[in-house]
Amino acid sequence: MLKIISVVGARPNFMKIAPIVAVMDRYPMAIDHLLVHTGQHYDEKMSRAFFHALRLPKPDIDLGVGSGSHAEQTGRIMIEFEKVCLRERPDLVLVVGDVNSTMACAITAKKLGIKVAHVEAGLRSRDMAMPEEINRLCTDVLCDFLFTTDRFANENLQNEGVPADKIFFVGNVMIDTLLRHKEAAKKLSLRRELGLKPKQYATLTLHRPSNVDDKQTLEGILQALTAIAKELPIVFPMHPRTKSRVEGFGLGGYLNFGQEVRGIWCTEPLGYLELLHLNMEARMVLTDSGGLQEEATVLGVPCITLRHNTERPITCTEGTNRIVGNAPQSIVSAARAVAVQPPRKARIPEKWDGRAAERIVRILLDRLGKASSSSCA
Ligand code: UD1
């Protein structure tokens with residue numbers, strides 16, 4: 001049996017691990033799998049709701065580390081995860097994405113001599129002010145299996161000197177999940193309940209420290225949103241970090257939770273299916289998230305990214321994404337331009353076909369499998 005521990009910690013990890021767990025479950029004679037949740041995200045709406053919607057099994061082990069500074073959170077995860085690795089002695093630790101849990105568990109496992117696989121390797125924003133960029137670099141340099149989503153990621157890893165036999169271009173597990181749940185999301189009624197018509201509203205997500213941790217920047221963005229919302233209503237499910245900053249900076253006058261104010265519907269964080277449902281029929285998606293840039297590309301919905309860079313350039317070269325920064329005037333101009341233009345035709349990037357998880361598990365079984373790996377599904 002090949003013993004694998006896979007790790008999740010924060011919201012975007014859940015969509016990435018779900019299809020991999022589903023495929024691993026087809027090989028009960030070959031893979032002994034444990035799912036570890038670090039507890040980086042813990043609110044019902046940031047964590048458990050996603051397990052339910054994505055049909056993920058309850059984590060086998062919950063480290064319960066919670067929030068803290070980067071060092072506190074990373075350190076607590078490492079201390080707790082080391083105990084798990086020493087007790088369980090896995091053959092492989094599999095981490096996804098670029099959150100603190102990803103890096104903390106990769107370092108811990110590697111120092112114990114355990115092989116590590118990174119799903120979504122090789123993405124680079126070249127912006128060292130992003131904690132995720134540090135997490136990506138530290139994780140990739142350690143890993144034995146680097147599973148990539150596109151050719152830019154392969155090039156980044158090759159340029160950093162990663163041996164070619166460690167890099168596996170498998171596609172995008174986030175898109176596996178999207179394709180699996182698209183039909184169910186389409187059937188929801190939330191858009192109608194909010195009184196919104198197809199293609200006549202925008203969705204917004206905002207949580208990057210570079211956008212929300214500085215009062216002036218955040219207020220500028222809220223002013224831009226207020227201007228856009230005069231012409232196009234915006235649904236804004238608010239991340240807890242953003243909520244605490246809006247309240248702390250005294251900017252609550254721009255928004256009202258659970259109600260529409262001047263064209264902006266501000267809600268609690270939405271579930272996976274609910275946000276997918278709204279994004280599918282939106283006129284545009286405004287975001288600073290990484291995953292949403294990819295999802296919008298596959299949905300063919302224009303995406304305006306409120307950042308100065310992206311680690312996912314394929315969403316611009318082949319997809320629907322535009323990088324506009326966070327200056328209020330740039331955001332408003334980009335939204336106005338997108339609102340009057342016919343949507344740009346997007347190409348679905350290579351291997352974003354719903355089968356990335358299958359490729360990952362197949363590669364792991366081929367390279368590390370100890371017993372019969374024939375599917376028992
Ligand atoms: C983290 C990831 C980021 C990812 C994002 C997705 C890192 C460095 N950042 O950012 O890459 O895009 O998750 O959501 O790993 N909080 C709650 N409830 C929760 C979780 C967090 O209230 O369930 C609040 C706490 O006040 C916490 C703050 O949000 O301090 C930030 O949480 P944290 O996990 O540190 O970073 P995120 O901003 O969520």
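First listed ligand is number 1; within each ligand, the first listed atom is number 1. For the numbers below, each heavy atom of this structure counts, side chains included, while hydrogens, waters and symmetry mates do not.
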Can you report which non-hydrogen protein atom sits closest to [atom], along with the distance?
| atom | value |
| --- | --- |
| atom 2 (C) of ligand 1 | Val99 CG1, 3.7 Å |
| atom 32 (O) of ligand 1 | His41 NE2, 4.2 Å |
| atom 9 (N) of ligand 1 | Glu132 OE2, 3.6 Å |
| atom 18 (N) of ligand 1 | Asp43 OD2, 3.0 Å |
| atom 7 (C) of ligand 1 | Gln40 NE2, 3.6 Å |
| atom 8 (C) of ligand 1 | Asn100 OD1, 3.2 Å |

Closest candidate by heavy atom, reference atom 27 (C) of ligand 1, pool Ser67, Gly66, Pro12: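 That would be Ser67.
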Minimum non-hydrogen distance to atom 37 (P) of ligand 1, winning option of Lys45, His239, Met130: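 Among Lys45, His239, Met130, the closest heavy atom to atom 37 (P) of ligand 1 belongs to His239.
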From Glu155 atom CD to Asp150 atom CG, the distance as rounded to the nearest 0.5 Å: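 Answer for the CD-CG pair, Glu155 versus Asp150, is 8.5 Å.
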Going by the order shown, which atoms of ligand 1 are within less than 4.0 Å of some heavy atom of [X]?
| X | value |
| --- | --- |
| His70 | 8 (C) |
| His207 | 4 (C), 5 (C), 6 (C), 12 (O) |
| Pro240 | 16 (N), 17 (C), 18 (N), 22 (O), 24 (C) |

Any donor-acceptor N/O pair, Lys3 side chain to Ile31 backbone, under 3.5 Å: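 No, because the side chain of Lys3 does not come within donor-acceptor range (under 3.5 Å) of the backbone of Ile31.
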Under 3.5 Å: donor-acceptor pair, side chain of Ser125, backbone of Thr310: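 No.
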Nitrogen or oxygen atoms of Tyr42 and ligand 1 under 3.5 Å apart: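 Right, the criterion is met.
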Polar contact flag for Arg241 and ligand 1 (N/O pairs, less than 3.5 Å):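 Yes; the residue has a nitrogen or oxygen that sits under 3.5 Å from a nitrogen or oxygen of the ligand.
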CA sep, side-chain torsions, deciding dist, call: Glu294, Thr315, side chain to side chain donor-acceptor pair (under 3.5 Å): CA-CA 6 Å; Glu294 297 178 339; Thr315 61; over 6 Å; no
Ring geometry between His239 and His207 (parallel below 30°, tilted from 30 to 60°, perpendicular above 60°):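 Parallel: the ring planes of His207 and His239 meet at under 30°.
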Chi angles and distances behind the ring-ring contact (aromatic ring centres under 6.0 Å, His included) call for His37, Phe14: CA-CA 10 Å; His37 190 337; Phe14 309 136; 5.3 Å; yes
Results of side chain to side chain donor-acceptor pair (under 3.5 Å) for Glu318 - residues two or more places apart only: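 Arg151.
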Whether Lys243 lies under 4.0 Å from ligand 1, heavy atom: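 The answer is no: ligand 1 sits nowhere under 4.0 Å from a heavy atom of Lys243.
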Residue that, paired with Thr287, satisfies side chain to side chain contact (heavy atoms under 4.5 Å, CB included) out of Asn279, Leu306, Leu292: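 In the set Asn279, Leu306, Leu292, the residue that makes a side chain to side chain contact (heavy atoms under 4.5 Å, CB included) with Thr287 is Leu292.
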Please table the atom pairs, donor to acceptor, closer than 3.5 Å between any side-chain atom in residues 66-78 and protein atoms at least two apart or in another chain.
residue: Ser67; atom: OG; partner: Tyr42; partner atom: OH; Å: 2.7
residue: Ser69; atom: OG; partner: Glu72; partner atom: N; Å: 3.1
residue: Ser69; atom: OG; partner: Glu72; partner atom: OE1; Å: 3.4
residue: His70; atom: ND1; partner: Asn100; partner atom: ND2; Å: 3.1
residue: Glu72; atom: OE1; partner: Ser69; partner atom: N; Å: 2.8
residue: Gln73; atom: OE1; partner: Asn100; partner atom: ND2; Å: 2.9
residue: Gln73; atom: NE2; partner: Gly66; partner atom: O; Å: 3.1
residue: Thr74; atom: OG1; partner: His70; partner atom: O; Å: 2.6
residue: Arg76; atom: NE; partner: Val65; partner atom: O; Å: 3.2
residue: Arg76; atom: NH2; partner: Val65; partner atom: O; Å: 3.1
residue: Arg76; atom: NH2; partner: Ser67; partner atom: O; Å: 2.6

